[in-house]
Amino acid sequence: MNQKYLEQYARLIVRTGVNIQKGQTLVLFAPVEVAPFARLMTEVAYEEGAGNVVVRWEDDELAKIKYLKAPEEALENVPEWQKEFYLSYAREGAAFVNIHASDPEIMKDVDPNRIMKASKAIGTAIREYRERRMNNQNRWCVVSVPTAAWAKKVFPDLSEQDAVERLWEVIFHTVRADKEFPVAAWQEHCENLKTRRNFFAEKQLVSLHIQNSLGTDLEVELPEGHIWLGGSEFSPDGVEFVANMPTEELFTVPKKTGVNGKVVSSMPLNHNGSLIENFSLEFKDGKVVHFQAEKGYETLKNIIETDEGSSYLGELALVPYDSPISNLNILFYNTLYDENASCHLAIGKAYPVCVKNGDKMNKEELEAAGVNDSLTHVDFMFGTEDLNITGKTTDGEEVAIFRDGNFVI
Ligand code: ZN
Ligand code: ZN
């Protein structure tokens, strides 16, 4: 792959992604398969002023062995040191980068209940860390790097080597690492997203009606004081950062108890190495009252039944059908990429920063404001080429937002 783009990509993540500050610790979660990239990022992070770079290796193959063979207690027991790892770095103000590159089907022979038990245990143990991220108290960034297994799933007709090469090209392109000035290109991109955010800020819609021919017919109320985000965000100390690279979405929070109707998925969902396909959810007053899936039903059921909040929604995001990632016409089986090619919703926890002063509210205040809470946050895609979305303002005026899959504002 192109060495120059590779370095530009690493630098982009450190600068524009988490915007590392002098002396700040960077914690990097990286699959063992992408060790060379993790080393490059470490080097670049020190050059950009990081005080310390801590890499935590992840290994799906090893995780799979544990899911298949370990006694149940080993799955549910989260040792203190592990909890301390996340919390101590979070509390000292570290920045976090996650490299997502899992083989979409690696866990297909694993009992989804065992995965759910393990992820619930870790989710509970490090809740404070997750909340700090979702409140932007710690700057964070999620990116992807090709692995052989993932690349082959995306480009099954290519040889392993060619598939990896092609996936690198696509990644460089979508994250603008192949531009002459990638950091400047991102500033421009974030400015463009801001224009639409300003439109929504001005309109303060009370609800959105979403429809397409797949069978989606959903009414989504938006809570008072909701905020549309997209592109760059700010940590409380006023430092700008970009939490997802790539990112094309504008997103906000649906009112917890204000979702009614049906939504039909438009892409498979890779959740922790298991695929869920052709599924739909039905809502009454925000709560999932019925769901089905042609494939991966158990995994979907486990997501929805994680806790009280996981049968409610936490995010509504708009991505035009005609947009850079969508136009590639590639199914990535990787939520970071697929969610930026399609309108999506998330089951579970909402971003408190999506309502005014939400980052300063306690649990009860967030609940009262209509902001859902859960251990989980799982995005799934519903955008299609014929998607229509109509908004309603406080005085009942209807505003066309999407027609035939694209923004009309
Ligand atoms: Zn999203
Ligand atoms: Zn999300």
Side-chain angles (χ1 to χ4, degrees), residues 17 96 98 100 102 119 123 130-136 139-144 174-175 189-190 193-194 196-197 200 208 210 216 218 220 222 226-233 241-256 259 263 265-272 276 279 281 288 300 303-304 306 309-321 323-326 332-355 358-359 366 371-384 387 389 401-402 407:
F96 294 88
N98 297 65
H100 272 211
S102 74
S119 76
R130 295 203 58 211
E131 286 179 353
R132 291 183 64 104
R133 277 174 72 127
M134 289 186 84
N135 274 334
N136 295 341
R139 288 189 300 284
W140 56 286
C141 183
V142 180
V143 298
S144 287
T174 53
V175 300
H189 177 54
C190 291
L193 286 167
K194 206 179 272 172
R196 284 223 169 94
R197 273 162 53 187
F200 280 112
L208 294 172
I210 305 168
T216 292
L218 195 69
V220 179
L222 302 173
H226 67 272
I227 296 168
W228 287 86
L229 295 173
S232 63
E233 298 176 51
F241 75 106
V242 174
N244 284 189
M245 293 182 126
T247 186
E248 300 290 336
E249 62 175 317
L250 284 182
F251 65 99
T252 191
V253 53
K255 186 177 171 185
K256 179 175 178 179
V259 180
V263 64
S265 71
S266 60
M267 283 187 199
L269 169 61
N270 167 17
H271 184 66
N272 295 339
I276 312 170
F279 58 100
L281 308 171
V288 176
L300 180 62
I303 296 171
I304 292 170
T306 305
S310 59
S311 51
Y312 292 85
L313 294 178
E315 178 187 341
L316 165 67
L318 305 183
V319 181
Y321 192 75
S323 72
I325 301 176
S326 170
F332 287 93
Y333 301 97
N334 174 325
T335 302
L336 174 64
Y337 275 76
D338 291 330
E339 75 168 329
N340 281 300
S342 172
C343 287
H344 56 273
L345 292 161
I347 295 170
K349 188 170 172 61
Y351 291 95
V353 286
C354 284
V355 288
D359 57 339
L366 286 168
V371 180
N372 190 30
D373 187 25
S374 170
L375 279 179
T376 197
H377 175 101
V378 181
D379 297 272
F380 66 94
M381 288 56 80
F382 67 87
T384 53
L387 191 75
I389 303 176
I401 307 291
F402 260 55
F407 276 110

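Keep in mind the model is a prediction, meaning the values are calculated, not measured. Both counts, for ligands and for their atoms, begin at 1 and track the order of listing. Only this structure's heavy atoms are used, side chains among them; waters, hydrogens and symmetry mates stay out.
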The test is side chain to side chain contact (heavy atoms under 4.5 Å, CB included); show your working for L281 and F382 and say whether it passes.
CA-CA 11 Å; L281 308 171; F382 67 87; over 6 Å; no
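- Judged by a 6.0 Å distance limit and a 45° cone about the ring axis, R196 is positioned over the six-membered ring of F407.
- Among the atoms of E339, no N, O or S atom falls under 2.8 Å of the Zn ion (ligand 2).
- Between the Zn ion (ligand 2) and the N, O or S atoms of E315, the shortest distance is to OE1.
- Look at H377 and the Zn ion (ligand 2): an N/O/S atom of the residue is under 2.8 Å from the metal.
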What's the verdict on ring pair (Phe, Tyr, Trp, His ring centres under 6.0 Å) for W228 and F200, showing C-alpha distance, side-chain angles and the deciding distance?
CA-CA 7 Å; W228 287 86; F200 280 112; 4.2 Å; yes
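- Nearest to the Zn ion (ligand 2), among the N, O or S atoms that D379 has, is OD1.
- Nearest N/O/S atom of E249 relative to the Zn ion (ligand 1): this is OE1.
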Applying ring pair (Phe, Tyr, Trp, His ring centres under 6.0 Å), run through F402 and Y321 and close with a yes or a no.
CA-CA 10 Å; F402 260 55; Y321 192 75; 9.9 Å; no
Where do H377 and Y351 land on the ring pair (Phe, Tyr, Trp, His ring centres under 6.0 Å) test, with the steps shown first?
CA-CA 10 Å; H377 175 101; Y351 291 95; 5.1 Å; yes
